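Dropping a structure here in structure tokens format, bear with me for questions.
Predicted, not measured: the structure shown is a model, and the values here were computed from it. The chain is numbered in sequence order, starting from 1.
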Amino acid sequence: MSIEKKFQRAYQSLESCIERRSRENKYTAMGYTSNLDLLCDFRVERLNELLAEHMSGRKLSEMKIAKNIRTMEELLETVVYYCMHGIGGEADVEDAELVRTSFPFKNGMGGTAVQAALALAEIGGEALVHLTDDSEEVCELLKSPYIHVALEDGRLGHTDEVVSRNPQEIHFIVQFKKGDVIRLEGQTAEIPCSNRVILTKNTVNEYVPFWDPYFRWIEQNAERVSSNVLSSFNSILDTEVLKERLEYVKRHVRVYRQNNPEGIVYFEDAHYHDADVRRLCVETLSPWVDILSMNEEELQYTLKEMYDYEVDINDIYSCVEGVEFLLQRFGIRKGIIVHTKDYAMFVGDPGNIDIESGLMYGTLMATAKAANGDYGSREQIQEVLKFDMSDKGMWNLRRLEGSPYEKRVVLVPTKYIDKPKYTIGLGDSFTGGVQMCF
């Protein structure tokens with residue numbers, strides 16, 4: 001069957017899957033953080049104005065990422081660096097008001113799990129979410145009949161029933177576009193790739209307070225929870241706090257598995273603020289999960305920086321070999337997913353899971369968000385079927401066919417967009433879509 005026909009079949013099965021899950025009262029559990037995103041209406045002309053005003057005499061090529069943004073100069077250097085290299089990432093902000101007054105912003109939802117839940121809600125998928133920032137703004141953004149929270153009395157409710165307990169956390173999202181040109185006193189630099197930088201003023205997510213009713217409901221109703229998503233430890237800087245959270249999660253996973261042996265434990269990787277925190281988190285949790293998911297930058301960082309393992313992320317064979325190395329080192333139960341703008345790939349043994357359809361669900365939902373700037377409706381997802389396949393994705397698929405790696409690898413090319421309207425939350429939409437195959 002051609003890849004195009006497989007995508008058509010996957011779209012049709014997604015709709016029936018959502019309807020069946022609704023009838024059976026099945027949920028995806030989404031943990032663990034939430035925050036208020038302030039989404040920048042980024043215009044390169046505004047960046048160039050600020051550069052002219054504040055960075056006279058400076059060289060674009062020498063600008064670097066600030067460890068903690070305190071000044072206008074540090075803000076501009078950080079944004080320029082990410083734009084010039086076309087890469088995504090995060091940086092800490094000490095003076096939030098400096099960022100707020102430099103660019104125009106609007107409210108949006110932040111956090112891997114809650115964004116995945118919003119993507120699912122748009123097509124009628126039911127999710128249970130764990131909140132950290134439970135501010136009025138966050139709860140309003142998450143208000144949906146398909147998004148559930150565990151209430152203190154043990155019932156499930158919706159976010160309009162939440163009583164705020166924690167401080168608000170704000171992340172500034174600066175999304176830049178391929179082809180825009182940065183200018184400073186005769187110097188020019190064209191942005192090579194659309195991407196985003198997240199400027200974070202950490203509060204509640206520095207310690208990720210756990211809400212016991214969320215975990216208790218999952219454990220007591222495990223048969224209704226088809227997958228249990230773990231994510232968002234990346235802002236914790238205190239290793240003692242992290243160890244405590246990780247031990248709690250390990251105990252929780254043990255009970256969840258006892259009560260639902262078929263349930264999937266899914267760990268979504270992230271950009272971490274501290275390398276030691278990343279190592280502790282990944283090495284502690286990975287042996288407890290069925291599937292670890294990451295993008296190609298996270299794959300490269302894990303292999304090269306953590307284990308001094310050389311990988312060429314532009315060579316699919318090298319990527320597969322790197323993933324196999326991690327599978328052996330971590331003892332992950334089923335496999336690792338790598339998602340990129342050109343392909344989504346699973347390496348391992350999925351057992352009776354239709355992981356190919358899951359990768360297609362995720363790809364369709366992520367591309368719909370990229371194309372429309374918001375979480376894709378069923379009609380918008382159907383429109384994505386008309387898009388061309390990524391040439392690089394198709395090339396990688398052909399290379400794997402008949403290769404020694406074929407039996408252990410499932411690769412799905414993406415439906416490609418050269419200049420997406422939006423790049424934030426694409427991985428989160430992908431994460432939400434994949435959960436529908438479990």
- Mind checking whether Ile381 and Tyr11 have side chains closer than 4.5 Å, heavy atoms only?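 Touching, per the 4.5 Å side-chain cut-off.
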- Task: Could you please spell out the steps behind the side chain to side chain contact (heavy atoms under 4.5 Å, CB included) verdict for Phe103 and Leu50?
- Result: CA-CA 10 Å; Phe103 299 98; Leu50 291 170; 3.7 Å; yes
- Side-chain donor-acceptor pair present, Asp315, Ser318, cut-off under 3.5 Å: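 Not at all, the side chains of Asp315 and Ser318 share no donor-acceptor pair under 3.5 Å.
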- Message: Test of understanding: with side-chain hydrogen bond (donor to acceptor under 3.5 Å, both in side chains), list the residues that count as partners of His130, not counting sequence neighbours.
- Response: none
- Out of curiosity, Glu4 CD to Ser2 OG, how far, rounded to the nearest 0.5 Å?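 The distance works out to 6.5 Å.
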- Criterion side chain to side chain contact (heavy atoms under 4.5 Å, CB included) on Leu128 and Met30, from CA distance to verdict: CA-CA 6 Å; Leu128 170 63; Met30 299 286 194; over 6 Å; no
- Test item: side-chain donor near acceptor, Ser227 and Gln435, under 3.5 Å: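 Per modelled atom types, Ser227 and Gln435 side chains form a pair under 3.5 Å.
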- Message: Taking the side chain as everything from C-beta on, heavy atoms only, tell me whether Leu75 gets closer than 4.5 Å to His54.
- Response: no
- Message: If we count only N and O atoms by modelled type, under 3.5 Å, do the side chains of Asp428 and Thr112 hold a donor and an acceptor together?
- Response: yes
- Closest non-hydrogen atom pair between His271 and Glu90, with its separation: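 Answer, listing the atom of His271 first, then Glu90: CD2-CB, 3.5 Å.
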- To the nearest 0.5 Å, atom CH2 of Trp395 lies from atom CG of Leu400 at 11.0 Å
- Task: Indicate, with yes or no, if the rings of Tyr32 and Phe233 have centres closer together than 6.0 Å.
- Result: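 Here the rings of Phe233 and Tyr32 have centres that are less than 6.0 Å from each other.
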- Task: Could you please spell out the steps behind the salt bridge (charged side-chain N to carboxylate O under 4.0 Å, His left out) verdict for Arg398 and Glu401?
- Result: CA-CA 5 Å; Arg398 287 192 291 269; Glu401 290 173 351; over 6 Å; no
- Task: For the residue pair Leu299 and Met345, establish whether any side-chain heavy-atom pair is separated by less than 4.5 Å.
- Result: no
- Message: If you count every heavy atom of other residues, nucleotides or ligands that lies below 6.0 Å from Asn68 atom CG, does the total exceed 12?
- Response: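 Result for CG/Asn68: enclosed.
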- How many angstroms lie between CG in Leu326 and CD1 in Ile336, if you round to the nearest 0.5 Å? 5.0 Å
- Message: Under 6.0 Å from the ring centre and within 45 degrees of the ring axis: does the NZ or CZ of Lys64 meet both conditions for the six-membered ring of Tyr81?
- Response: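 No, Lys64 does not sit over the ring of Tyr81.
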- Message: Less than 3.5 Å apart, any donor N or O on the side chain of Thr340 or Asp342 sitting next to an acceptor on the other?
- Response: no
- Message: Looking at Asp312, I want to see if its CG is surrounded by more than 12 non-hydrogen atoms of other residues, nucleotides or ligands under 6.0 Å.
- Response: yes
- Using 4.0 Å as the upper bound for N to carboxylate O, is an ion pair formed by Lys201 and Glu169? no
- Task: Pick out which of Asn166, Thr33, Asn205 makes a side chain to side chain donor-acceptor pair (under 3.5 Å) with Thr132.
- Result: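 Of Asn166, Thr33, Asn205, side chain to side chain donor-acceptor pair (under 3.5 Å) with Thr132 is met by Asn205 alone.
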- Message: A side-chain contact here means heavy atoms from C-beta on lying under 4.5 Å apart; do Met394 and Tyr416 qualify?
- Response: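 Met394 vs Tyr416: side chains apart.
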- Do Phe7 and Phe387 have ring centres separated by under 6.0 Å?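 For Phe7 and Phe387, the ring centres are not under 6.0 Å apart.
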- Message: In terms of relative ring orientation, are Phe42 and Phe176 parallel, tilted or perpendicular, with 30° and 60° separating the classes?
- Response: perpendicular
- Item | Ionic contact status for Glu247 with Lys250, cut-off 4.0 Å |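 Here Lys250 pairs with Glu247 in a salt bridge, since their nearest N and O are under 4.0 Å apart.
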- Considering residues, nucleotides and ligands other than Glu136, do more than 12 of their heavy atoms fall under 6.0 Å from its CD? no
- When you check the side-chain N and O atoms of Ser13 and Tyr361, is any donor under 3.5 Å from an acceptor?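 Side-chain D/A pair, Ser13 to Tyr361: present.
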- Message: Distance check, rounded to the nearest 0.5 Å: Asp354 atom CG versus Glu356 atom CD?
- Response: 7.0 Å
- Query: Have Asp133 and Ser34 got a donor and an acceptor in their side chains that come within less than 3.5 Å?
  - Reply: no
- Message: If we count only N and O atoms by modelled type, under 3.5 Å, do the side chains of Gln380 and Tyr375 hold a donor and an acceptor together?
- Response: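 Judged by distance alone, the side chains do not pair up.
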- Query: Below 4.0 angstrom, N of the basic side chain to O of the carboxylate: do Glu73 and Arg58 qualify?
  - Reply: no
- Task: Please determine which of Asp238, Asn234, Leu237 meets the side-chain contact (heavy atoms from CB on, under 4.5 Å) test together with Asp274.
- Result: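 Among the candidates, only Leu237 passes.
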- Would you sort out whether Glu206 and Ser235 count as a side-chain hydrogen bond (donor to acceptor under 3.5 Å, both in side chains), showing the intermediate values? CA-CA 5 Å; Glu206 282 189 358; Ser235 292; over 6 Å; no
- Is there a donor in the side chain of Arg278 and an acceptor in the side chain of Thr302, or the other way round, less than 3.5 Å apart? yes
- Query: Between His252 and Asn228, is any side-chain donor less than 3.5 angstrom from a side-chain acceptor?
  - Reply: yes
- Item | Polar side chain donor-acceptor pair, Arg21 to Thr28, under 3.5 angstrom | yes
- Message: Do Tyr146 and Glu122 pair up side chain to side chain, a donor and an acceptor below 3.5 Å, judged on atom types alone?
- Response: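 Side chains of Tyr146 and Glu122: no pair found under 3.5 Å.
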- Find out whether Asn314 and Lys392 are in side-chain contact, i.e. whether some heavy atom of one side chain is under 4.5 Å from a heavy atom of the other. no
- Query: Should Leu120 and Met436 count as side-chain neighbours, where that means a heavy-atom distance under 4.5 Å?
  - Reply: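 Yes, their side chains come closer than 4.5 Å.
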- With a 4.5 Å limit on heavy-atom distance, are the side chains of Asn35 and Val138 in contact? no
- Message: Regarding Thr203 and Gln168, do their side chains bring together a donor and an acceptor under 3.5 Å, going by distance alone?
- Response: no
- Query: Hey, are Arg43 and Asp180 close enough for a salt bridge, meaning a charged N less than 4.0 Å from a carboxylate O?
  - Reply: no
- Thr101 side chain vs Leu98 backbone, donor-acceptor pair below 3.5 Å: yes
- Salt bridge Glu15-Arg378, side-chain N to carboxylate O under 4.0 Å: yes
